[in-house]
Amino acid sequence: MTWTHEHTFTFTASAARVFAALTDPSELTQWFAEHADVQARPGGRYRFWGRRTLGCPSEGDATQAITRFEPAHALGFTNSPRKYSQPNG
């Protein structure tokens, strides 16, 4: 099964600042994931994992890749969680 999820946000920060927060591994680990590995280019790695990262608790589970890379404008990436399980109920 494949699906697309798109978000549009409005921030008080500049587009360049937001893009840096999304593509700099040291910034991603401050607010988003315990670990991050980013190869900032189309087709590059955009891997994040850790204890609180849905579907990617370990480095081996992190298989995300950049699908769209437009500095200060747009970022797209794949995310195929390997160990996602639905809650009971």
Answer yes or no: is there a donor N or O on one side and an acceptor on the other, between the side chain of D24 and the main chain of A21, under 3.5 Å? no
Spell out, yes or no, whether V38 and W49 are grouped together once hydrophobic residues are joined by side-chain heavy atoms under 4.5 Å, including indirect joins. no
For A13 and V18, the nearest pair of non-hydrogen atoms, with its separation, is CB-CG2, 3.9 Å
Sorted by chain and number, sequence neighbours left out, salt bridge (charged side-chain N to carboxylate O under 4.0 Å, His left out) with D37 holds for R45, R47
Is E34 reaching over with its side chain to a backbone N or O of R51, donor-acceptor style, under 3.5 angstrom? yes
In terms of the angle between their ring planes, are Y46 and F48 parallel, tilted or perpendicular, with boundaries placed at 30° and 60°? perpendicular
Should L75 and F19 count as side-chain neighbours, where that means a heavy-atom distance under 4.5 Å? yes
Determine the minimum heavy-atom distance between T63 and G60, stating which atoms define it. CG2-O, 4.4 Å
Any side-chain heavy atom of W31 sitting closer than 4.5 Å to one from L22? yes
Polar side-chain atom of T78 near backbone of A65 as donor-acceptor pair, under 3.5 Å: yes
Under 3.5 Å: donor-acceptor pair, side chain of T67, backbone of G76: yes
To the nearest 0.5 Å, how far apart are CZ in R41 and CZ in F69? 10.0 Å
Give me the atom names and distance for the closest heavy-atom approach of A36 to P25. O-CB, 3.8 Å
